[in-house]
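First comes the structure, then the notes that go with it.
The structure displayed is predicted, hence computed values, not measured ones.
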Number of protein chains: 2
Amino acid sequence: MSPFEDGVARWRRVADEIRSAIGEGAIVDVLPSEVDLAERYGVNRHTVRRAIASLAAEGLLRAERGRGTFVSAAPKRAVYPIGPRTRFSESMLKQSLEPSGRLIRSERVVADTVLAGLLELRPGAPLHRLDSLSVVSGMPMSRSVSHFSAERFPGIIDAYAETGSITAALAREGVTDYRRRETRLTAERVTTKDADLLSCAPDAIVLISTAVDVDLEDRPIQSIRTKFLADRMELVLGPPDQSASGL
Amino acid sequence: MSPFEDGVARWRRVADEIRSAIGEGAIVDVLPSEVDLAERYGVNRHTVRRAIASLAAEGLLRAERGRGTFVSAAPKRAVYPIGPRTRFSESMLKQSLEPSGRLIRSERVVADTVLAGLLELRPGAPLHRLDSLSVVSGMPMSRSVSHFSAERFPGIIDAYAETGSITAALAREGVTDYRRRETRLTAERVTTKDADLLSCAPDAIVLISTAVDVDLEDRPIQSIRTKFLADRMELVLGPPDQSASGL
DNA sequence: GCCTATTTGTTCGTATGTATC
DNA sequence: AGATACATACGAACAAATAGG
């Protein structure tokens, strides 16, 4: 038997048919079993699995061993407004969500040239590296790595461990207010280690934000690199217009 | 033979070993063939393929039929500053890149409640839907869907088709200046159709920006939803500090 | 709690198609 | 044309998780 019918792989055709069936409402919540689908479409079970893998990667399906394969309901994302005055915990509270932060690990490191440049310190300056996890209403949301000057903020790690909020920790270290100077955004696949910490699918997508916060005198306070789970979060720039999400 | 050695799937172990080999420099540019790897790790070729598929999904590898499997060099991303004054073409030109826009398709539609809300029009108002592709220095970069009031901008489609720039097209329609009111960001996997248009891997990641531009009187001009290829683009918020990318 | 049937996950085997060198 | 390499497809078997009796 020839693997191709007219230039399109058979598993792609099966994937398209399943997608259509879902779109038309013929399949509502749970998919027929792989063996059933294989029989229905007249292909091998592996071919069905390849199609399902592809749709799962698109985020349309979610397979659970021993239970079945389900249609993923589009999750409602939490909204995180970012701008000059960016405060994660405050934003979540405004949406009636409960933010909390957990210290994963901390370390004393020395500034490389990039970090030194961002923080306006000399290369080799002592830094606190703070590795943390944000959980919002029980749902792991993001993973961050922050760097602070160890000389200026000697107690920042302990303060974060106690409060679970960077804003609160900075307040204890004497920073009453700060603002964001720059944010860079991109997206990648989650690493296996992060997938573990974030309790998400091994092929989930993270929005990566690399930012520098400065105090009122425009001196850098921290460099922070955060990976947000893209399917749980939406970043918003502009006026604080808490309107409906999506389009 | 048992599929598991100690709870970890064999293909995961193989994937980890390949990743390490690349990290250590033992594998530099091109992977040994699947048969070689299967023999080396003492597994079936399918198991190697599963491992490679996983690493390719991470973006670490790129398989080319008939040629081989290669280590993907981390590409340098183009920088796109977004803020109140966002201009795609100008930004690319400043980086000595050559932007161009191509009209994929245009259509007259009527505003649903969401679009009507964003554009501050009545639901059912006539709109131009503009489906376009941005190519920067020969590299497809993003795909956008814009909506404009058909009453206010009757010639916007032709103007875009000729200029390949939304800013230029708006200028022809009498909009000398505009600014961005709001931008919402998230990330997803590319769809098969978009992967085709963008000439990218079928499992690539796109940064999705949904924004509203307004004129100087704060009246909405366009609603634009853009999918940027995350591995070719980096979005930057904040002062125009064209420093080094990444961290 | 135990057993069994069902369902997804992994592995190997084999064969053929398609693109590249 | 031939060899090599990745892509697709089918078949068979077993593992692991789940659900139900």
Within this structure, what is the [atom1]-to-[atom2] distance between [X] and [N], rounded to whole angstrom?
{"X": "A:F70", "N": "C:dT7", "atom1": "CZ", "atom2": "P", "answer": "11 Å"}
{"X": "B:N44", "N": "D:dC14", "atom1": "CG", "atom2": "P", "answer": "17 Å"}
{"X": "B:R65", "N": "D:dA5", "atom1": "CZ", "atom2": "C1'", "answer": "10 Å"}
{"X": "B:R10", "N": "C:dT10", "atom1": "CZ", "atom2": "C1'", "answer": "9 Å"}
{"X": "A:W11", "N": "D:dC10", "atom1": "CH2", "atom2": "P", "answer": "14 Å"}
{"X": "B:L31", "N": "D:dC6", "atom1": "CG", "atom2": "P", "answer": "8 Å"}
{"X": "B:L37", "N": "D:dT4", "atom1": "CG", "atom2": "C1'", "answer": "15 Å"}
{"X": "A:E34", "N": "D:dA15", "atom1": "CD", "atom2": "P", "answer": "18 Å"}

When you measure from the side chain of [X] to the backbone N and O of [Y], does any donor-acceptor pair fall under 3.5 Å?
{"X": "B:R232", "Y": "B:P140", "answer": "yes"}
{"X": "B:S144", "Y": "B:S132", "answer": "no"}
{"X": "B:T47", "Y": "B:V43", "answer": "no"}

Q) With the threshold set at 4.0 Å, does a side-chain nitrogen-carboxylate oxygen contact exist between A:D16 and A:R19? A)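 A:R19 and A:D16: salt-bridged.
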Q) Salt bridge between A:E188 and A:R225, side-chain N to carboxylate O under 4.0 Å? A)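 No, A:E188 and A:R225 are not salt-bridged.
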Q. For A:R50, which contact category applies under a 4.0 Å heavy-atom criterion: base, sugar-phosphate, or nothing?
A.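 No contact.
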Q: Looking at every strand, decide which applies to B:V43 at a 4.0 Å heavy-atom threshold: base, sugar-phosphate, or nothing.
A: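 If one applies the 4.0 Å heavy-atom cut-off, B:V43 turns out to touch the sugar-phosphate alone, with no base involved.
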(Q) Under 4.0 Å from OP1 or OP2 of C:dC12: is there any side-chain N or O of B:T47 that close? (A)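 Looking at the OP1 and OP2 atoms of C:dC12, one of them is under 4.0 Å from a side-chain N or O of B:T47.
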Q: Return no unless some side-chain N or O of B:R67 is found under 4.0 Å from OP1 or OP2 of C:dC21.
A: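 So the side chain of B:R67 is within the cut-off, an N or O lying under 4.0 Å from OP1 or OP2 of C:dC21.
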(Q) Looking at B:R45 and D:dA7, is any side-chain donor or acceptor paired with a base atom of the opposite kind under 3.5 Å? (A)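 Indeed, a donor on one side and an acceptor on the other fall under 3.5 Å apart.
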Q.
Using only modelled atom types and a 3.5 angstrom limit, is any donor from either the side chain of B:H46 or the base of C:dT14 paired with an acceptor on the other?
A.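 When only heavy-atom distances are counted, B:H46 does reach the base of C:dT14 through a donor-acceptor pair under 3.5 Å.
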